[in-house]
Number of protein chains: 2
Amino acid sequence: MKISAQEEYGLRCLLQLATLKEDESLTLPQIAEREGISSANAGKLMWLLNKAGFVQATRGTKGGYSLAREAGEIYLSEVIKILEEDEIAGHCESYTGVLDSCVHNGGCGIRPVIVGLHEIIQNALSQITLAQLVGTEAKVDERFHRIQGLRQLSVNSQQSSNR
Amino acid sequence: MKISAQEEYGLRCLLQLATLKEDESLTLPQIAEREGISSANAGKLMWLLNKAGFVQATRGTKGGYSLAREAGEIYLSEVIKILEEDEIAGHCESYTGVLDSCVHNGGCGIRPVIVGLHEIIQNALSQITLAQLVGTEAKVDERFHRIQGLRQLSVNSQQSSNR
DNA sequence: CGCAATCTTGACAAAAAAATAATGTTTTGA
DNA sequence: TCAAAACATTATTTTTTTGTCAAGATTGCG
């Protein structure tokens, strides 16, 4: 279970824009340099993010990219949804092995886990905005752990309810 | 953020063994058929799981695979750790773009999110054993949601504590 | 013993993902 | 108006991930 290159870099590029002041913008070469990727690559990512409505692009000299909405209104859950290749919607449509559809029509012990995991992840990501990721790493880390904190406790306290 | 083919199929093959009675075992072709994958593929997966100590293999006629430990003692967190290609340990060593190391030495707003997400996932998976995935889908689903349930509540109740 | 069933293991091929390249369009300003 | 700077879009190449194959090794049985 891991994050894809597109998700990681896309998020990082967006985060660069989130650090800008009002009326500032960044060109592709600038974004590329700040994230250590090629500007062709940055171009493709920004194209995606533009299509999805997260950023505004202006062409021509003096052009560049800026956020289309306030950083505090952009939730990671939305961004990740755009950046992951294709919709996770149909888990049972991927991983069908050599067959056309999954062999487990009806009962499958894994599906609820996969689906549940996605719910957990989405839930966590839907509580974080871009704005909250701007700042020092320590600060961001502390913020994130507040989101996790209570869960750890509550989950542990009902651990032994299995057959 | 998604589960890889290796993780998915590996887990499913293990789950097949978990449904067996004492002293039963399955051969590669049998596992392959039940999961709708090729037996060559099943072979590689089982090889991994064998190396990691989750399954026992016996060769020769009447050979096959069975779990090396009780299904109730095998946690998904361990299994996933083995099945994901390489250790997630060093997130900063992957996704370095065109450079040798990540440009964000020192402060990076994304790292805590990635790391935190992994903690959340690991935590959820470390509460689920193979044994709990045997049964009807509805039952498994209900079990899994017990794990999620309390978290949802606790997280929502402290949502507005950001700058 | 010797054959057949079975796992083991490394090399190889196919598919998917990621990155780059190439070509086109828009804007600004001299 | 024209050239330069910048984004837009599609095609191609490269890399990574998956899956297959083939040659071995081990075991049981007639």
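Chain letters run A, B, ... following the sequence lines, proteins first, then strands; residues in each count from 1.
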With the sugar-phosphate defined as primed atoms, P, OP1 and OP2, and the base as all remaining atoms, what B/S/- string results for nucleotides 21-30 of chain C, 5' to 3', for protein heavy atoms under 4.0 Å?
B--BBBBB--
Indicate, with a heavy-atom threshold strictly under 4.0 Å, whether A:L28 touches base, sugar-phosphate, or nothing.
sugar-phosphate
OP1 or OP2 of D:dT9 less than 4.0 angstrom from a side-chain nitrogen or oxygen of A:W47, does that happen here?
yes
Side chain of B:T27: nearest nucleotide among D:dA8, D:dT20, C:dC7?
C:dC7
Does B:N50 have a side-chain nitrogen or oxygen under 4.0 Å from the phosphate oxygens OP1 or OP2 of C:dT8?
yes
First encountered from the 5' end of DNA chain D, between A:G97 and A:G63:
A:G63
Any side-chain N or O of B:K44 less than 4.0 Å from the OP1 or OP2 oxygen of C:dA11?
no
Is any NZ, NE, NH1 or NH2 atom of the basic residue among A:K2 and A:E8 found under 4.0 Å from an Asp or Glu carboxylate oxygen of the other?
no
Taking only the side-chain nitrogens and oxygens of B:S38, find out if one of them lies under 4.0 Å from OP1 or OP2 of D:dT20.
yes
Taking only side-chain nitrogens and oxygens of B:Y65, does any of them come within less than 4.0 Å of OP1 or OP2 of C:dT8?
yes
Quick check: on DNA chain C, is the nucleotide nearest B:M46 upstream (toward 5') of the one nearest B:Y95, or the reverse? Name the residue that is more 5'.
B:M46
If every non-hydrogen atom of B:A18 is compared with every non-hydrogen atom of B:A71, which pair is closest and at what distance?
CB-CB, 4.0 Å
At 4.0 Å (heavy atoms only), tell me whether B:G43 reaches a base, stays on the sugar-phosphate, or touches nothing.
nothing
Strand contacts (DNA chain D) in residues 5-20 of chain B, 4.0 angstrom heavy-atom criterion
B:A5, B:Y9
Counting heavy atoms from C-beta on, name the nucleotide in C:dT8, D:dG19, C:dA19 closest to the side chain of B:N41.
D:dG19
